[in-house]
Each structure stands twice: as structure tokens, then as C-alpha cells.
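Worth knowing before you read on, the calculation uses all heavy atoms, side chains too, and leaves out hydrogens, waters and symmetry mates. Each ligand, and each atom within it, is numbered from 1 in the order the structure gives.
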Amino acid sequence: MTSATATALGGADVEDRELDSFDLTDPMTYQTTDVHAMWRRFRTERPVHRHPATAAGPEFWVLSKYDDIMKLYKDDGNFTSERGNVLVTLLHGSDSAAGKMLAVTDGPRHAAIRKLMLKSFSPRSLQHISEQVVQRTRTLLKDAVERGEADFARDVAEHIPIATICDLLGVPEADRGFLLGLNKQALSSSTADTSAEDSWLARNEILLYFGELAEERRRNPVDDVISVLATGRIDGEPLGEDEIVLNCYSLILGGDETSRLSMIGGVQALMRHPEQWNALKQGEATVESAVEEVVRWTTPGMHFGRRALRDVEVAGQRIAAGDIVTLWNTSANRDEDIFDAPETFDLARTPNKHVSFGYGPHFCLGAFLGRVEINAMLDAVRTVVDRIEPNGPVEPVFSNFLSGLESLPVRFEADREGLARWS
Ligand code: HEM
């Protein structure tokens, strides 16, 4: 089913349903519901919602208003990430990487590992990587445009973030095919041809691989993230082996699908809003502001979450110690109290204080890099494409966490002048 059909099917009954009947743990909900209509109702009728227990796990809180979500992202005194930061781990009750991997570590240890890693994420350190992103994006897009049609997701967008993360980590060219194969297996536990055990094994293989690479970099450090982690010290002590490998892996987990889904969703939005495509093409909207709007519009990570460390009040509701609280970025990014005409895709939108990259101590470490990738894509598309249109059914991601498309067949008409400028 295409997302357009799903929206049409789901839109009609959203207004008549009990809010308790929306099962936010079920990936199917996002395929069959007009989610933006649903979130409008939550924001208006029940901004702090107690989600009933489901087959996936116990009850949890659902925040849908921008201000409440921002407050919670900031409040690492009352809320922890160490018992999971997305529904699947929060409902399970724990995250096996807690206390070691940045996103699921709190307090001083989190701050120290983050400070160490930030060295590799400053715009200056990323200059070379950013140039490679631009080159890679141009090559992939040029090939696709010259062919006249492509699956924009599989032929173009899929290849950019993962290759960029390999550049950042310093994974040698010769190992990339092997690593990418493992990563696909690790992520596809729900597909017919990969069992849950296969994907568990693949994840372990990836961690073993990073362990060996870290060992090599400890002996011969170079200018990459693995070397920073392998040679870094906190209070005079080296990082643990598992801290090193898990934080390498976390870049793949955090930076691959999010950036990819934003690029794909951005191109789909441009096809659906021809006036915005013209604004981008004619330079009436800058690529920089277009990037922010694409990231707001697509919100690839629909939610994040925390667990309360003590009894605390949120927007007048008492949350008990141990309760799970989920923060719905998808809803915050369309909050009518914050954004003018939030349902309008407006590439020149300003201000645009979306929460797609989170906020507070865990604010996305890769935000600059994610923006570089989306910027490179939008700039490349507006340069070498004259017209872009849908060319077959799309395939949505099946998840209660990620939102976007796995497949987006498109047909291009080339901008010959733009192409000539690159040759
Ligand atoms: C954290 C979104 C790209 C690495 C986060 C968080 C969000 C987010 C919302 C906060 C999670 C929380 O509060 O629990 C996004 C989006 C991206 C993107 C929407 C692209 C459009 C990237 C990239 C990388 C990356 C390219 C790395 C190469 C990370 C890491 C963290 C993180 C390591 C954990 C930071 C911490 O806990 O201190 N991301 N991300 N992300 N992201 Fe991203």
C-alpha cells in the first residue's frame, strides 16, 4: 500500500475514534492512519496521554506538545536514557548498551564520551568528509538522471549516509562491502529471508570488526573517530573495549536511516509541491532553509523517550518514578502554537525551530553531518534535474520509530546546463 493510499483510508475515521484506540506501538498504525490528523487531536484534546498497555508492553506516557517535549529533553535530572530511549527498548525495560553507548548513557560519563567524540564532529574536522559527501552525491545523482529513471531510495539515497559514516570511522575501502552486507542483515530481523538469530549474529560480527579495527588504530592512530575513541582517555583511563565498539556502531545506528529517510522524503515532498520545487530551482528559497524544512517535514525519528527517575509533574500530570515517557517529534514539529501554518511545506520557512534532532544533553551528535548530506542532495537535485515525477508505487518503512520510504521510483528530466556545469 502506498502512503498516499494509507492516508486516504485512515483519514476518514481519525476524528471519530477514541484516543485510547490508537496503538502507537504497532507499526501498522502508521500505515493505516492519517498520523497528522491523529496528532492534532492528541495536541488539542489530550497533550499528556496515558497510552494503555498493549501486546508490546506496559502503559506509557505520550507527549505531543512542543513545549512539554523540549522541557523533557532538557531534564536529565528527572529522566534517564539508560533504560532505553525508544519505545522498543523502553517497553522491554532495558538497553544492553546502557551506560556505554552515548544515546543510552547519562550524566558525567555521557558528557565525557560526548566531549571526546565531538572532536571528530566539528565543522572543521568534517570539512574533508563534507567534500566527499558532495562528490559522492553528485556522482550517484548524475548517473541516475542520465538513465532517466531510478529508485531514488535504493539507487541514490541509500548509498550516501552509510558511505559517509564509513569515511568518518575510517573503515578501509576494502572492508566496506563486507560491513554493509552485515549491516543490512543486522537491520532486517523482520524480513522473510533473515531470522532474528542471523541479525543478532550480524550485529555481533560488526562489533567484533570494530574491535579489531580499534586495536589496529590504537597502535597506529590516524585522523578518524575510531582512533579518537581507541586512544582517548577519560580521567586518565582509556575507554572500555565495549564503549569503543558500541560508540562506533552507534554512528551507523544514528546516522544511516535518519539522513536517508529525510533525503527520500524531501524529494517526495518536492514532487508533491511543484511550487516549492520551483522556488528551490529558481533560488527563491535557499538550500540551507530548504534543509531545515525537509528535516521538519519528514521527521525521520518519530519519537524518542525516557524513564522517570522520581515522581515528577509534567504539564499538570503526575508522572511516577519508573514511568516511561515518549516524546513525539512528529507532533511537536506540527504544533500550531509554535509554527505558522505547520501543515504547509514551505522551504523558505523562518524561524524553523524543529525538534527533529532532539534537544538538550543528547542533542544529535551528527546534526551538522546530517545537514551536510541533505544539503548536498538538494543542491545536486536542483542543479541537474529539470523535472522529477513519481514512477510507480512507493514502499513505506514498517516501524513504530522511523518514518519514511524504503522505495521511491522516479522519472527525471535532466537539466542539461546543470549537468554540463559538472563535467
Ligand atoms: C542523537 C536525530 C543524523 C548520530 C539523536 C537524537 C535525535 C537524532 C532526535 C536524540 C536522541 C535522544 O534524545 O534520545 C537525527 C536525525 C538525523 C540524524 C533526524 C538526520 C536527519 C545523525 C548522523 C549521525 C548521528 C548523520 C552520525 C553520523 C547521533 C548520535 C546521537 C544522536 C551518536 C546520540 C547523541 C547523545 O546521546 O549525546 N539523533 N540524527 N545522527 N545522533 Fe542523530
query = Should you measure from each heavy atom of G358, which atoms of ligand 1 turn up under 4.0 Å away?
reply = 9 (C)
task = For a side-chain hydrogen bond (donor to acceptor under 3.5 Å, both in side chains) with N329, tell me which candidate from Y66, Y73, Y359 qualifies.
result = Y73
ask   = What are the atoms of ligand 1, with element, lying closer than 4.0 Å to any heavy atom of F304?
value = 7 (C), 9 (C), 11 (C), 12 (C), 14 (O)
query = Does an N or O anywhere in G254 fall below 3.5 Å from an N or O of ligand 1?
reply = yes
note = Checking heavy-atom distances from atom 38 (O) of ligand 1 to each of R371, M101, E257, R114, the winner is R114
message = Could you identify the single nearest non-hydrogen protein atom to atom 19 (C) of ligand 1 and state the distance to 0.1 Å?
response = S356 O, 3.4 Å
Pair T80-D106, side chain to side chain donor-acceptor pair (under 3.5 Å): steps then yes or no = CA-CA 7 Å; T80 176; D106 292 336; 2.4 Å; yes
inquiry  = Geometry only, no angles: is N329 polar-contacting ligand 1 at N/O separations under 3.5 Å?
reply    = no
note = A student checking ligand 1 against P361 at a 4.0 Å heavy-atom cut-off should list atoms 38 (O)
inquiry  = Using a 6.0 Å cut-off, check whether atom CG of D340 has over 12 heavy atoms from anything other than its own residue.
reply    = no
task = Could you list which atoms of ligand 1 come closer than 4.0 Å to a heavy atom of L102?
result = 36 (C), 37 (O), 38 (O)
cation_pi(R203, Y249) dist<6.0 Å, angle<=45 = no
task = Could you tell me whether S259 and ligand 1 have an N or O pair separated by under 3.5 Å?
result = no
inquiry  = Checking contacts here: is it the side chain or the backbone of R306 that comes within 4.0 Å of ligand 1, counting heavy atoms only? Could be both or neither.
reply    = side chain
ask   = If you count the atoms of ligand 1 from 1 in the order shown, which ones are under 4.0 Å from a heavy atom of P300?
value = 19 (C)
ask   = Can you tell me the protein heavy atom closest to atom 37 (O) of ligand 1 and the distance?
value = H362 ND1, 2.6 Å
request  = Output yes when E373 and R260 qualify as a salt bridge under the 4.0 Å nitrogen-oxygen rule, no when they do not.
outcome  = no
query = For atom 31 (C) of ligand 1, which protein heavy atom lies nearest, and how many Å away is it?
reply = L365 N, 4.0 Å
ask   = Given F363, Y73, F357, which has its nearest heavy atom closest to atom 16 (C) of ligand 1?
value = F357
inquiry  = Using a plain distance cutoff, I'd like to know if S81 has any nitrogen or oxygen under 3.5 Å from a nitrogen or oxygen of ligand 1.
reply    = no
key: Side-chain donor-acceptor pair present, N391, E149, cut-off under 3.5 Å   = yes
query = Does R154 reach the side chain of E406, with side-chain heavy atoms less than 4.5 Å apart?
reply = yes
request  = Return yes or no for this condition: an N or O of H110 is under 3.5 Å from an N or O of ligand 1.
outcome  = yes
query = Where do E243 and R109 land on the salt bridge (Lys or Arg N to Asp or Glu O under 4.0 Å) test, with the steps shown first?
reply = CA-CA 11 Å; E243 280 177 319; R109 192 75 193 166; 2.8 Å; yes
message = Could you tell me if R306 sits above the aromatic ring of W61, with its cationic atom closer than 6.0 Å to the ring centre and no more than 45 degrees from the axis?
response = no
key: ligand 1 to N85 polar contact by distance, N or O atoms, under 3.5 Å   = yes
